[in-house]
Amino acid sequence: MRNVLTIEAGKRFSFWRTVFSHGWCALPPFYVDKADRSLSRVLRLENGRTVLLRMEEVPGGIRVSSPGSVKCDARFRKDAGRQIADCFRIGEDFSDFYREARRLTGYRWIARSGAGRLLRAPTVFEDVVKMICTTNCSWALTEIMVGNLCAKLGEEAEGGRFAFPTARAIARSGEAYLRKEIKTGYRSPYLLEFARRVDRGEIDPESWRSSPLPTDEIFAQVKDVKGIGPYAAGNIMKLLGRYDYLGIDSWCRAKFFELHRNGRKGPDRIIERFYEPFGKWRGLFFWLDVTKEWYRQKFPF
DNA sequence: GCGTCCAGGTCTACC
DNA sequence: GGTAGACCTGGACGC
């Protein structure tokens with residue numbers, strides 16, 4: 001294993017809080033190795049090559065190493081460093097969020113622990129495809145769908161691991177193939193249409209991360225993708241760094257009513273009203289509220 | 001082992 | 001604008 005890069009992340013950064021921020025770390029081409037205390041990921045470089053990289057926590061940052069024979073020049077370091085920093089949201093400013101969290105009783109743990117960064121893929125395309133694969137099914141089925149996408153349509157990297165497929169690879173696969181081999185079921189035409197529009201350049205999801213457009217306009221563009229409804233769009237917005245939407249699913253809904261209404265159920269507008277005072281950070285406060293116990297349960301060490 | 005039912009989020013048709 | 005039904009799969013359950 002060869003050290004290839006160290007990414008500075010600052011004092012407030014928590015590697016494992018970010019890795020276990022939600023379910024993405026369990027979906028290929030991310031791989032958590034609890035025994036090795038590392039997160040691996042297959043990256044597609046700008047030169048078209050795919051590499052498997054291993055990431056581990058070091059004080060104030062992330063150490064990146066490679067099990068393979070990657071040419072570790074300045075161009076590689078810049079490219080891989082940018083992609084990994086993007087996944088871990090290193091450049092995102094959370095100071096306003098932490099200031100708000102410190103002000104609120106019951107939420108001070110957030111600033112103390114460095115929670116709040118949600119792990120994301122290097123590309124918005126991958127995040128959107130994965131989010132469609134989380135809709136209307138169990139998590140086990142999501143794992144099957146994403147696993148098949150990588151293993152059957154992604155490019156092979158070192159160690160028998162696969163990259164996430166490109167828009168072109170999905171676009172060329174066909175609906176029958178997606179249904180039969182990838183097990184994406186009725187979502188197949190949605191995935192196909194999205195991949196084809198991206199491949200043809202009709203939509204540019206990557207521009208959403210840096211877009212100066214108001215949040216509601218980006219939300220409308222995200223929701224314009226077939227197969228993306230309020231839940232999926234709200235969560236994609238969080239991965240774009242905009243936290244105005246809650247992205248409520250059945251699990252979060254049940255957890256909220258368990259935490260705040262002694263299990264008494266009600267309509268979603270009760271949840272929306274509860275988080276309205278949290279302003280532009282409400283989506284993040286909502287997510288951290290319902291998943292507060294996750295970290296203690298999932299943290300491997 | 002087989003059949004049935006249910007959960008999960010979004011789309012479309014209909015009122 | 002609101003609602004019902006269809007979409008597809010895995011898992012739970014009963015026989």
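Below, read A as the first sequence line, B as the second, and so on, with proteins coming before strands; counting in each chain starts at 1.
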| First and last nucleotide of DNA chain B, 5' to 3', lying under 4.0 Å from heavy atoms of chain A |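 From 5' to 3', the first and last contacting nucleotides are B:dG8 to B:dT12.
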| request: Measure the distance from NZ on A:K226 to C1' on C:dA6 and round it to the nearest whole Å. | output: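 It is 16 Å, rounded to the nearest whole Å.
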| said: If you compare all heavy atoms of A:A163 against all heavy atoms of A:P29, which two are closest, and at what distance to 0.1 Å? | reply: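 Heavy atoms of A:A163 and A:P29 come nearest at C-CG, 4.3 Å.
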| request: Output the distance between atom CD (A:E126) and atom CG (A:L239), rounded to the nearest 0.5 Å. | output: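 It is 10.5 Å, given to the nearest 0.5 Å.
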| Distance in Å, A:T215 OG1 paired with A:L240 CG, rounded so as to fall on 0.5 Å steps |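 One finds 9.5 Å between OG1 of A:T215 and CG of A:L240.
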| message | Enumerate the ring pair (Phe, Tyr, Trp, His ring centres under 6.0 Å) contacts for residues 123-178 of chain A, please, sequence neighbours excluded, ordered by first and then second residue. | response |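 Only A:F125-A:F194 qualify under ring pair (Phe, Tyr, Trp, His ring centres under 6.0 Å).
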Protein and nucleotides 8-10 of chain C: nitrogen or oxygen contacts under 3.5 angstrom:
{"residue": "C:dC8", "atom": "OP1", "partner": "A:R179", "partner atom": "NH1", "Å": "2.2"}
{"residue": "C:dC8", "atom": "OP1", "partner": "A:R179", "partner atom": "NH2", "Å": "3.4"}

Give the ring-plane orientation class for [X] versus [Y], where under 30° counts as parallel, over 60° as perpendicular and anything between as tilted.
{"X": "A:F88", "Y": "A:F15", "answer": "parallel"}
{"X": "A:W294", "Y": "A:W251", "answer": "tilted"}
{"X": "A:Y275", "Y": "A:F278", "answer": "tilted"}

| query | Does one side chain, of A:H260 or A:D289, offer a donor that lies under 3.5 Å from an acceptor on the other? | reply |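 A pair is found: one side chain offers a donor N or O, the other an acceptor, under 3.5 Å apart.
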